[in-house]
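Owing to the predicted nature of the structure, the values given are computational and were not obtained by experimental measurement.
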Amino acid sequence: MDLHLLHTGPLRVNTYIVPICENKVFIVDPANCAFSRDEGSLLSYLESNKLDAVAIILTHGHFDHVSGLPALKKSFPNIPIAIHKNDSGMIGPSSQVEQGAALAQMGFEAFLPFVSNLPEAVAFLEDGKSLAQVFDSLDLSDDVKLALENWQVLHTPGHTEGSCCLYNENEHVLISGDTLFYRSWGRTDLIGGNERKIHQSLAKILEECDEETLVYPGHEHTGFAISENY
């Protein structure tokens, strides 16, 4: 599978543009914004490659993974956003409060204007559901929904309560957000983090995914096999 990677936002998040069918794609964790001077990077890539973005998937709600939502919604007002309900308060009308608490913990309050009053989700990731089921109530073409059947949601709390991975068994691909990194895993010292839960989530990934599955995390090294981590 030819995932396209862009590094976006102040912490250079791995933002993925994931092919679905024909020229249709979905976007994972957009962080492009004015603060990092890359507000137009995603739109530029989509336009230059004549791609049609049909959905935004958020692996979790941390500021560095969601700051690109305003720019994308400005260009695609009707594009649906999906996140797990446990992290849904980190976007939408309550984003200023929840993001403010997290940014204060990190001493990065200067970023708050870029994650305040974010667009809200219209669909919610649920463990075991396919992305086709997640977006079942939305007006997507049959071809898109058929392709989205290949992507399964794994709820993997620990980095945040609503952290999720996206698993494509047919393509042996796992988009892991900040749950699993190359020979490491996500930090658990931020609000909503839990060390016990993240180790349970790592065990779940190992149980449900083939060991040769290629992992595409939210930061740094990508495309490594799960077997390299265990």
Side-chain angles (χ1 to χ4, degrees), residues 7-16 28-31 57-69 81-92 94-112 114-115 118 121 124-129 152-167 173-209 211 213-230:
H7 293 116
T8 66
L11 299 186
R12 290 179 58 79
V13 162
N14 290 340
T15 295
Y16 298 105
V28 179
D29 292 351
I57 315 293
L58 303 176
T59 62
H60 64 292
H62 278 160
F63 72 94
D64 54 322
H65 289 250
V66 302
S67 53
L69 293 178
I81 300 168
I83 192 171
H84 193 277
K85 282 190 175 181
N86 289 356
D87 277 13
S88 61
M90 300 174 83
I91 62 174
S94 62
S95 58
Q96 182 170 0
V97 174
E98 295 210 16
Q99 296 289 353
L103 290 168
Q105 185 183 13
M106 300 182 68
F108 194 28
E109 294 94 331
F111 197 67
L112 183 57
F114 301 91
V115 285
L118 292 171
F124 297 99
L125 305 177
E126 293 185 43
D127 187 57
K129 283 194 172 183
Q152 178 189 0
V153 177
L154 302 180
H155 181 212
T156 53
H159 182 61
T160 66
E161 283 293 334
S163 287
C164 289
C165 299
L166 304 175
Y167 179 45
V173 167
L174 180 76
I175 298 175
S176 64
D178 284 4
T179 297
L180 176 63
F181 297 117
Y182 181 63
R183 297 184 176 174
S184 185
W185 52 85
R187 62 190 293 184
T188 58
D189 59 326
L190 301 176
I191 296 170
N194 185 296
E195 189 74 9
R196 177 183 59 82
K197 287 184 178 180
I198 204 166
H199 285 287
Q200 290 174 339
S201 292
L202 294 170
K204 176 180 181 176
I205 289 171
L206 183 60
E207 179 182 350
E208 299 205 18
C209 301
E211 65 177 12
T213 295
L214 299 181
V215 182
Y216 294 84
H219 298 274
E220 300 177 345
H221 185 51
T222 69
F224 57 90
I226 282 182
S227 59
E228 296 181 57
N229 272 45
Y230 294 90

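In this structure, the side chain of Thr156 does not engage the main chain of Ser201 through any donor-acceptor pair within 3.5 Å. Under a 3.5 Å cut-off, the side chain of Asn14 and the backbone N or O of Glu220 do form a donor-acceptor pair. Side chain of His62 to backbone of Asp64: no donor-acceptor contact under 3.5 angstrom is found. Here the side chain of Lys129 pairs no donor or acceptor atom with the backbone of Phe124 at under 3.5 angstrom. For Ser163 (side chain) and Gly158 (main-chain N/O), no donor-acceptor pair under 3.5 Å exists by modelled atom type.
Nearest approach of Phe181 to Pro217, heavy atoms of both residues: CD2-CB, 3.6 Å. Between Ala31 and Ser67, the shortest heavy-atom contact is O-OG, 2.8 Å. Here the closest non-hydrogen pair linking Val115 and Phe63 is CG1-O, 3.9 Å. Scanning all heavy atoms of the two residues, the minimum distance from Pro30 to Leu69 falls at CG-CD2, 4.1 Å.
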With side-chain contact (heavy atoms from CB on, under 4.5 Å) as the criterion, how do Val215 and Ile205 come out once you've worked through the C-alpha distance, each side chain's angles and the decisive distance to 0.1 Å?
CA-CA 11 Å; Val215 182; Ile205 289 171; over 6 Å; no
side-chain contact (heavy atoms from CB on, under 4.5 Å) evaluation trace for Leu166 with Val153
CA-CA 5 Å; Leu166 304 175; Val153 177; 4.3 Å; yes
Give the intermediate values and the outcome of side-chain contact (heavy atoms from CB on, under 4.5 Å) for residues Val13 and His219.
CA-CA 5 Å; Val13 162; His219 298 274; 3.6 Å; yes
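Under the 4.5 Å side-chain criterion, counting only non-hydrogen atoms from C-beta, Phe114 is not in contact with Pro10.
Residues that satisfy the ring-ring contact (aromatic ring centres under 6.0 Å, His included) test with Tyr167, not counting sequence neighbours, are absent from this structure. Not counting sequence neighbours, the partners of Arg183 by the side chain to side chain contact (heavy atoms under 4.5 Å, CB included) test are Asn229. With sequence neighbours left out, Arg187 forms a side chain to side chain contact (heavy atoms under 4.5 Å, CB included) with Met106, His159, Asp189, Leu190. Evaluation of the side chain to side chain contact (heavy atoms under 4.5 Å, CB included) rule for Thr188 yields Glu195, Ile198 as partners, not counting sequence neighbours.
Put simply, the residue from Asn194, Asp178, Asp87 that forms a side chain to side chain donor-acceptor pair (under 3.5 Å) with Thr160 is Asp87.
To the nearest 0.5 Å, atom OG1 of residue Thr59 and atom OH of residue Tyr16 are 9.5 Å apart. Atom CD1 of Ile83 and atom CG of Leu58 lie 4.5 Å apart (nearest 0.5 Å). The line from CD1 of Ile226 to CG of Leu180 is 6.5 Å long, rounded to the nearest 0.5 Å. Considering SG of Cys209 and CG of Leu214, their distance stands at 11.0 Å, rounded to 0.5 Å. One distance of note links NZ of Lys85 with CG of Leu125; it measures 11.5 Å at 0.5 Å rounding. Rounding to the nearest 0.5 Å places CG of Leu154 at 6.5 Å from CG of Leu174.
Counting only residues at least two apart or on different chains, the salt bridge (charged side-chain N to carboxylate O under 4.0 Å, His left out) pairs with a member in residues 153-167 are Glu161-Lys197. Within the structure, the side chain to side chain donor-acceptor pair (under 3.5 Å) test picks out no pair touching residues 95-111 (sequence neighbours left out).
The aromatic rings of Tyr182 and His221 stand perpendicular to each other, their planes meeting at an angle above 60°, with 30° marking the opposite boundary.
Judged purely by distance below 3.5 Å, without hydrogens or angles, the side chains of Thr8 and Thr15 pair a donor atom with an acceptor atom.
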